[in-house]
Amino acid sequence: RYVLCEVVSDDPRCRQCIEDRAVGLAVKDAIGRVHGDYGLACCSISFTVKYLNAYTGTVLLRCRKDSYRLLCSALPFIRQLENRNQRYPCALNTLHVGGTIRTCQKFLIQYNRRQLLMLLQNCASKEERRCVQKSLLSCSLTEEQPQSGDEEDDGSTE
């Protein structure tokens, strides 16, 4: 199973300083505290942090199908992440549990759309709404144009 989570923190530095190793250690520590050695052994067999986006705070965890309930029940007990001897207070909020990465991606797209809609609805003025829409449109991904002409042919024959 794949467990999609988000890192919730008041400190903006927390998201940018976390690494997948720190998240993995914090999750394993929480499982060990909550479920003991048995739970830790069950979850550790195929547990990995498959994806971590430090800017959005999105984390994708993978575990065996028969032990995902142990993993999910231990996530609320994570109160901090440690990286380079710095402790950052935060929590992991479970968003979705799916059987494939693809289903988690689909859910994340819908979740982000709902979050953006709520953000736009909570704007106080039309100017604020226009600024949010402008910033959203400015962050779209575009293909990089080739710098030299040898990658694309202009149609002429030599």
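- Here the side chain of Ser67 pairs no donor or acceptor atom with the backbone of Leu70 at under 3.5 angstrom.
- Taking SG of Cys123 as the start and CZ of Arg130 as the end, the distance is 11.0 Å to the nearest 0.5 Å.
- Put simply, the residue from Val27, Leu52, Val3, Asp20 that forms a side chain to side chain contact (heavy atoms under 4.5 Å, CB included) with Val59 is Leu52.
- Contact annotation: the side chain of Tyr88 never approaches that of Gln80 to less than 4.5 Å [non-hydrogen atoms, C-beta and beyond].
- The minimum heavy-atom distance between Ile18 and Ala54, with the atom names listed, is O-CB, 4.5 Å.
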- Task: Take Asn93 and Cys5, measure what side chain to side chain contact (heavy atoms under 4.5 Å, CB included) needs, and give me the verdict at the end.
- Result: CA-CA 5 Å; Asn93 182 22; Cys5 304; over 6 Å; no
- Worked check of side chain to side chain contact (heavy atoms under 4.5 Å, CB included) between Arg113 and Ile109: CA-CA 6 Å; Arg113 283 184 181 159; Ile109 290 169; 4.0 Å; yes
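- Residues Ser9 and Pro89 approach most closely at OG-O, 3.1 Å, considering heavy atoms.
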- Item | Pair Phe47-Lys28, side chain to side chain contact (heavy atoms under 4.5 Å, CB included): steps then yes or no | CA-CA 9 Å; Phe47 173 77; Lys28 286 182 180 181; 3.6 Å; yes
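- The local environment of CZ in Arg33 is crowded, with over 12 non-hydrogen atoms from other residues, nucleotides or ligands closer than 6.0 Å.
- In this structure, the separation between OH on Tyr38 and SG on Cys43 is 9.5 Å, given to the nearest 0.5 Å.
- Taken to the nearest 0.5 Å, the OH atom of Tyr2 stands 10.0 Å off from the SG atom of Cys63.
- The shortest distance between side-chain heavy atoms of Leu108 and Leu4 falls below 4.5 Å.
- A heavy-atom distance below 4.5 Å is not found between the side chains of His35 and Leu40.
- Proximity of a side-chain donor or acceptor of Arg102 to a complementary backbone N or O of Gly99 within less than 3.5 Å is not detected.
- Judged by distance alone, the side chain of Asp29 and the main-chain N or O of Leu25 form no donor-acceptor pair under 3.5 Å.
- Across Ala30 and Ile78, no two heavy atoms sit closer than the pair CB-CG1, 3.6 Å.
- For the pairing with Leu61, the side chain to side chain contact (heavy atoms under 4.5 Å, CB included) check across Thr94, Val97, Thr48, Leu75 returns one residue only, Leu75.
- Panel note: side chain Ser44, backbone Ala41; no donor-acceptor pair is recorded below 3.5 Å.
- For the residue pair Ala26 and Leu81, the shortest heavy atom distance occurs at CB-CD2, 3.4 Å.
- Atom CG of Leu119 is separated from atom CZ of Arg114 by 15.0 Å, given to the nearest 0.5 angstrom.
- Atom CZ of Phe107 sits in a crowded spot, with more than 12 heavy atoms from other residues, nucleotides or ligands closer than 6.0 Å.
- For Arg64, the salt bridge (Lys or Arg N to Asp or Glu O under 4.0 Å) test picks out Asp66, with sequence neighbours left out.
- Using a 4.5 Å cut-off on side-chain heavy atoms (C-beta onward), Leu71 and Ile31 make contact.
- Remark: the Tyr111 side chain and the Glu6 side chain contain an N/O donor-acceptor pair separated by less than 3.5 Å.
- Taking each heavy atom of Arg87 and Glu82 in turn, the nearest pair found is NE-OE1, 3.4 Å.
- Under a hydrophobic clustering in which Ile, Leu, Val, Met, Phe, Trp and Tyr are joined whenever their side-chain heavy atoms come within less than 4.5 Å, directly or via other members, Leu95 and Ile101 fall into the same cluster.
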